[in-house]
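Computation of the quantities below employed the complete heavy-atom set of this structure, encompassing side-chain atoms and omitting hydrogens, waters and symmetry-equivalent molecules.
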Amino acid sequence: MKQADSRYLEKFVGETVILTGWVHRIRDMGAFAFLLLRDPWDVVQVVIPEAETVRDLPVESAVRIQGQVVSEPRAPLGLEVHAQSVELLSKALELPPFELNKKELEVSLSLILDHRPLSLRHPRQRAIFRIEAEFVSSFRDFLRGEGFTEIFSPKIVATGTEGGASLFPIDYMGKKAYLAQSPQFYKQMMVGVFGRVFEVGHVYRAEPHATSRHINEYLSLDYEMGFIKDEQDVMELEMRLLAYALSRIRENCSREIRLLQAKIPEPQESIPQLTLSEAKEVLRKKYGKHLEEEDDLDPEAEKLLSEFALSELNSEFLFVTSYPVSLRPMYAMPDKDNPSITRSFDLLFRGMEVTTGGQRIHDYGLLVQNIKKFGLDPESFDFYLEPFKYGMPPHGGLAIGAERITARLLDLENIRQACLFPRDINRLTP
RNA sequence: GGGGUCGUGGUGUAGCGGUCUAACAUGCAGGCCUGUCACGCCUGAGAUCGCGGGUUCAAUUCCCGUCGACCCCGCCA
């Protein structure tokens, strides 16, 4: 007897198979019943010839069903299973606190998150993470194909990268340590080893923010590449990476896209660029919004610029480049011709910043000088600085926020919806 | 760190000084139904309206506090 799953049922039409999953819903028609079986991929209609056999089966119970796969135009998938036996593997002891078999989980976000292992059973909730997983494996596969090596940097660190304000302190066997807010230093150092590296890992920000686009533990998709000309190489690679990931999602996640009614952008050849001052010019001229020279883009500006990119430049993505030194960390490479700006960029996607990147300083002397300029002590960066004494090539890289890009891809209102178990200002469980 | 909005059966909402003995939908329980797909129909159970205090003849409704949730700004991915 073959174990089948809902993805490939059409191959088994006429055959008897085993299906395993959860009782999604039972439609008791009196003499017979429809049992909607939710397996790991979809919901299959199972016809139960005698309704009594499933009448007392609570929803969400785990079952094993043996039956014949029959082509049936009246069934939702165009086929259904005529059950010969239903075996109860694990009975649901209670009713779930919300209705998992509704088209949409119509519950408050906090209830969804309080009961995360249950709410994730909802087909739409589950679909979000299948798409996120596809994005992340596309990231890995693409970069591996481009000669990158995957690295795993420590998440327990002695110093921060950006100065120290937003670090979570931890007690490391009596010593003071922190949760890493970025793999920045490690991936740069590893450029000196592997040439090109990437990392998929959680990072930690101790900011007490309470917004729909921040969580305190998020999945950072990082890469760093050596021997570049400048930051344009980093951006060019990201364009190709995104095009690859989008086409993979469109190819492999059609079920999830349909379920979520997601509009996954067409992979695009190139992404337009605006310098930060050009972007501000657009904001002023087109939207009457004024930002000072030293201001970063605020959330409203990001939304307006995305709107502009879509309507005027025909792009869902927009690179903003040439950030001033004052808005970037100490490792950002200053421009040769205009040392007050850096060779750095952000990527806006559907109104939100989803990437920050740029060329880094590879010159030891310049880096030390910059650390001092930022009011930091080079001695506390000893381990970071060491490889820079030994031929660190010109390099650059970026970080993509996995939950952010997933949320924008699927038009989710809150970043928490794109995180399995979000950690925020007041959530530490489940 | 600053600001705003909201807490009513399991869930989602309505009601916003008395006529609330709190409504509707869904879920749940019992019954009927051989093609449902938001299945349908009948019957029933289920909420002292987040918590504490105050105003008032009278508070789910107004005020204060508190707890919780959500959102915006700052900061960032």
Side-chain angles (χ1 to χ4, degrees), chain A residues 24-36 43-51 55-56 58-60 70 72-78 80 82 94-115 118-119 122 161-163 165-166 181-184 200-222 295-303 323 327-329 345-349 352-357 398-408 413-419 424-427:
Chain A
H24 193 60
R25 179 194 288 280
I26 291 170
R27 275 198 264 275
D28 184 343
M29 307 301 291
F32 78 111
F34 293 109
L35 185 157
L36 305 189
V43 176
V44 182
Q45 175 163 295
V46 179
V47 178
I48 309 293
E50 293 184 348
R55 202 158 273 160
D56 296 323
V59 288
E60 294 309 314
V70 176
E72 171 55 74
R74 289 175 294 183
L77 297 179
E80 65 187 13
H82 290 180
E94 291 176 27
L95 283 165
F98 31 67
E99 289 143 66
L100 288 166
N101 49 22
K102 292 283 181 217
K103 200 161 232 141
E104 184 115 37
L105 237 195
E106 285 177 341
V107 200
S108 67
L109 183 59
S110 73
L111 203 69
I112 287 177
L113 297 178
D114 285 346
H115 301 275
L118 266 184
S119 59
H122 186 96
T161 55
E162 327 276 335
S166 60
Q181 64 180 178
S182 159
Q184 185 62 32
V200 174
H202 278 123
V203 295
Y204 302 87
R205 302 280 163 101
E207 299 285 346
H209 30 220
T211 76
S212 57
R213 62 184 187 285
H214 290 96
I215 42 182
N216 296 295
E217 176 184 61
Y218 70 89
L219 190 64
S220 188
L221 307 179
D222 280 84
D295 283 344
D296 202 346
L297 301 174
D298 60 27
E300 188 196 21
E302 291 176 356
K303 286 193 184 75
Y323 281 79
L327 292 176
R328 292 279 145 155
F345 61 90
D346 276 5
L347 179 66
L348 303 184
F349 173 46
M352 197 182 291
E353 181 182 329
V354 294
T355 290
T356 293
L398 57 74
I400 301 172
E403 295 88 351
R404 275 200 181 177
I405 201 161
T406 304
R408 285 343 304 138
E413 281 175 2
N414 192 308
I415 191 171
R416 275 155 258 233
Q417 291 169 274
C419 182
D424 65 30
I425 187 158
N426 35 33
R427 181 175 294 278

By side-chain hydrogen bond (donor to acceptor under 3.5 Å, both in side chains), which residues pair with A:Ser212, not counting sequence neighbours? none

Let me know the distance between [atom1] of [X] and [atom2] of [N], rounded to the nearest Å.
X: A:Asn101; N: B:A38; atom1: CG; atom2: C1'; result: 10 Å
X: A:His82; N: B:U36; atom1: NE2; atom2: P; result: 14 Å
X: A:Arg25; N: B:G27; atom1: CZ; atom2: C1'; result: 10 Å

Quick one: list whatever passes side chain to side chain contact (heavy atoms under 4.5 Å, CB included) with A:Leu95, sequence neighbours left out. A:Val59

Identify whether any heavy atom of [X] sits under 4.0 Å from a base atom; if not, whether one sits that close to sugar-phosphate; answer base, sugar-phosphate or nothing.
X: A:Ile400; answer: nothing
X: A:Ile215; answer: base
X: A:Glu217; answer: nothing

Taking only residues two or more places apart in sequence or in another chain, which ones pass ring-ring contact (aromatic ring centres under 6.0 Å, His included) with A:His115? A:Phe98

Please name all residues satisfying salt bridge (Lys or Arg N to Asp or Glu O under 4.0 Å) with A:Glu302, sequence neighbours left out, ordered by chain then number. none

Enumerate all atom pairs, one protein N or O and one N or O from nucleotides 6-8 of chain B, separated by less than 3.5 Å.
none

So which nucleotide from B:U11, B:U26, B:U36 ends up closest to the side chain of A:Glu99? B:U26

Between protein and nucleic acid, restricted to nucleotides 70-74 of chain B and to nitrogen or oxygen atoms under 3.5 Å apart, what atom pairs and distances do you find?
| residue | atom | partner | partner atom | Å |
| --- | --- | --- | --- | --- |
| B:C71 | OP1 | A:Asn414 | ND2 | 2.1 |
| B:C71 | OP2 | A:Asn414 | ND2 | 3.2 |
| B:C72 | OP1 | A:Ser212 | OG | 2.8 |
| B:C72 | OP2 | A:Ser212 | N | 2.7 |
| B:C72 | OP2 | A:Ser212 | OG | 3.2 |
| B:C72 | N4 | A:Ala210 | O | 3.4 |
| B:C73 | OP2 | A:Arg213 | NH1 | 2.9 |
| B:C73 | OP2 | A:Arg213 | NH2 | 3.4 |

